Structures are given as C-alpha cells and as structure tokens.
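Data block below; observations after.
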Number of protein chains: 2
Amino acid sequence: MTKPKHAVRAVDAIDTRILTILDAEARISLSELAGRIGLSAPSTSDRLRRLVDAGVIHAFTIEIDPEALGYPIRALVRVRPLPGRLRIVQKMIEDLPYVVECDKVTGDEAFLARLYARSIPHLDEMLEALADDAVTHTTIIKGSPVRRRLPPLG
Amino acid sequence: MTKPKHAVRAVDAIDTRILTILDAEARISLSELAGRIGLSAPSTSDRLRRLVDAGVIHAFTIEIDPEALGYPIRALVRVRPLPGRLRIVQKMIEDLPYVVECDKVTGDEAFLARLYARSIPHLDEMLEALADDAVTHTTIIKGSPVRRRLPPLG
DNA sequence: ATTGAAAACTCTTTACC
DNA sequence: GGTAAAGAGTTTTCAAT
C-alpha cells in the first residue's frame, strides 16, 4: 500500500458541499444529494464512496437530545488519576456508561470526560466512585455556544 | 399544546434498539432497520417519526475524521474571559471556525472549546488571538478512550 | 400499537459516451 | 463527469386486529 488508509485527502469544493449537506441531514437519498450539489447520481455516488473509503467520513450517526432521554445534567469532568492509578481510572471511565465521551489529554489531569446525569445526586454518586483513585474537577454545562459543527474544509 | 415539544419521553426496548442501530449506521433504509429490530416497516416508520418528533433524535449527521481533513492537532481549551469581556470572548469563540464545539460551563473558566488545528503554530496563533481578552488553558488531545457514544437508554 | 399485502414511487447501479 | 434505462428496493397506504 502506497498510501495509508487515512491519508490526508484533497477535498474540493464539491466534496465540501457533500460533507456540509450530510452533516445537517445524513439520511437524504443519493439522488436528493446529487440534486442539491448539481451533479449526476452516479458521480455523487462515486464521490460519497470515496469520502467514506478515504476515511473522511468516519460514520453516519444520530445526534440525540440528552434532555429528551432523561438526562437534564451534562457535566465536564477533568480527572487526575492518583499516582499509579492511570490504567485503573481509565478503565473506570470506560466502564461508566454515563460517560458519553472521554479524551486523554496532556497534563496531570489526564482525562476530560463528558458525563450525562439524571440528577445532581446521580452525578455526585458517579464522582464519588472515582474519588478513591483520582482527583476530579467538575463543571456543569450551562449551554453550548457552539454546537458540534464542521471545521473549515478544503 | 399539552406537552412541550422536547418533553421527556418513555423510550422502550425497541426504541432503544432503533437508536443504537442508527447511532452506528444512520443511513440504513427503513426496511433494513425494520428487519433488524423485528418489526414491520410501517411500525418502524412510525416509531422513527415519533423519535424525531419528540426531539429524541435531534439530527442525522456524519462523523468526520479531522486527521483525514488535515487537522492533526485537536485541543481542548478552557477559556477564562477577563472581567467584563465575557460577551466579546464568546463571540470570538463562535466566530473562530476551527472551534468545532464549545460549552459554557460553571466556574471562572466560562468556556470549554474543542479546537482543530493544522499545526502547533496554527494552534498558537488562535490562542494568541484570545490572549487580550481571556486567559486560556490548553491541553492537547492524545487519544479518546471513549469515543462519542450513547448513554444508557430507557 | 402492529401487521401484511400491494401499489406507487424512488433509488441505485450499470453500461456506455 | 453525464445520460439512460433496468432492476432492485423502498415507503406508504389501507383494512384489520
């Protein structure tokens, strides 16, 4: 293989439109997509396949509303594992299903986890479970000035 | 209207299956989805429509690979606006297209932004742009032990 | 709330330019 | 990248439970 599967790929103006449209409405049909970008269906199909094959599009997914699912509390938790407890803490985070996302980052606070909770006591209970192995710093999300969006493309 | 549009909705075991399947593959057809959950196409269509109408499913979207798009650097930036600069800083964050997500949180560090950068100098340049109006604390993402996933449903 | 059947419609792919 | 056409598959409607 000359090129790695996830090589940086040139994304032209049409690909950019495809990504932008699918970012907003991932379930539209190929022909609808083709119509919007002004290409034929086969060409559109080709391009979409290439974007997926190149790994630019990693997945088609849904955005759910945590509140509608009974999670009124969203929190961001910085987690600093106690010395020697990094692995254990990472496993605890991975196994906590209310953690919907967690990044490993530079610095002593090795993890930044996004946590959904049914209530403040529920949140507290989860944080206490970590307390023996890590120091946590928690902030409650009050709003999202920037909702998940695409970066500049191309 | 008796119920608000985004009321908490009971999500039963079948809805859970629908959400789980679409979270992984949002573009499968209705009939494929119906087949996987063991319901007829019309019932599946009804349920899906209800999940969307109730706001449980907020959007169908794509997950892109930042690296494949030329963003090898992902950073999490905590932003503490200087006194009186909260509004200005929020606007700066919103207007910075490399910020792909930003939450407003409790505490002095009012914002937590997820930033994509083409290089370290590129990252630095963006942080400097904020330096007159805010104190920032930046961590580089080294990995994601928990990739975006659904919380427990039902 | 769910189903089966059928109609009507749409989509995707293939082949070729 | 486009066109055209075939074949495949899809979604909706409806009556019934």
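All heavy atoms count here, side chains included; hydrogens, waters and symmetry mates do not. Computed from a prediction, not measured in an experiment: that's the story for all the values here.
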CZ (Arg147(B)) with more than 12 external heavy atoms under 6.0 Å:
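Atom CZ in Arg147(B) is not crowded, with 12 or fewer foreign heavy atoms closer than 6.0 Å.
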Does Lys91(A) NZ have over 12 foreign heavy atoms under 6.0 Å away?
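Open.
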Taking [atom1] from [X] and [atom2] from [N], how many angstroms apart are they, rounded to a whole number?
| X | N | atom1 | atom2 | result |
| --- | --- | --- | --- | --- |
| Ile14(B) | dA1(C) | CD1 | C1' | 10 Å |
| Asp46(B) | dC14(D) | CG | C1' | 13 Å |
| Arg49(A) | dG1(D) | CZ | P | 13 Å |
| Leu48(A) | dT12(C) | CG | C1' | 12 Å |

Which of residues 24-32 of chain B have a heavy atom under 4.0 Å from DNA chain D?
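By residue number: Ser29(B), Leu30(B), Ser31(B).
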Check this for me, if you would: do Arg114(B) and Glu101(A) make a salt bridge, where the nitrogen-to-carboxylate-oxygen distance has to be below 4.0 angstrom?
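Glu101(A) and Arg114(B): salt-bridged.
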Salt bridge flag under 4.0 Å for residues Glu32(A) and Arg27(A)
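Arg27(A) and Glu32(A): not salt-bridged.
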Give a yes/no on whether any side-chain N or O of Ser40(B) is located under 4.0 angstrom from OP1 or OP2 of dG4(C).
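Result: no.
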Both Ala41(B) and Ser43(A) contact DNA chain D. Which one's nearest nucleotide lies toward the 5' end?
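Checking each residue's closest nucleotide, the 5'-ward one belongs to Ser43(A).
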Under 3.5 Å, sequence neighbours excluded: what are the donor-acceptor pairs made by side chains of residues 120-138 of chain B?
{"residue": "His122(B)", "atom": "ND1", "partner": "Arg118(B)", "partner atom": "N", "Å": "2.8"}
{"residue": "Asp133(B)", "atom": "OD1", "partner": "Arg85(B)", "partner atom": "NH1", "Å": "3.4"}
{"residue": "His137(B)", "atom": "ND1", "partner": "Arg78(B)", "partner atom": "NH1", "Å": "3.4"}

Joint cluster assignment, Val146(B) & Ile62(A), ILVMFWY side-chain distance < 4.5 Å
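Yes; Ile62(A) is reachable from Val146(B) via cluster members.
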First locate atom CD1 of Ile64(B), then atom CG of Leu22(A), and finally report the distance between them rounded to the nearest 0.5 Å.
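So the gap between those two atoms works out to 12.5 Å.
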Could you work out which one of dA5(C), dT3(D), dG2(D) sits closest to the side chain of Leu39(A)?
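Selected nucleotide (nearest to the side chain): dG2(D).
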Lys NZ or Arg CZ of Arg74(A) over Tyr116(A) ring: under 6.0 Å, within 45°:
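No, cation not above the ring by the 6.0 Å, 45° rule.
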Helical stems, DNA chain D - three or more consecutive Watson-Crick or G-U wobble pairs below 3.5 Å:
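For DNA chain D the paired stretches long enough to count as stems (3 pairs minimum) are C:1-17 with D:1-17.
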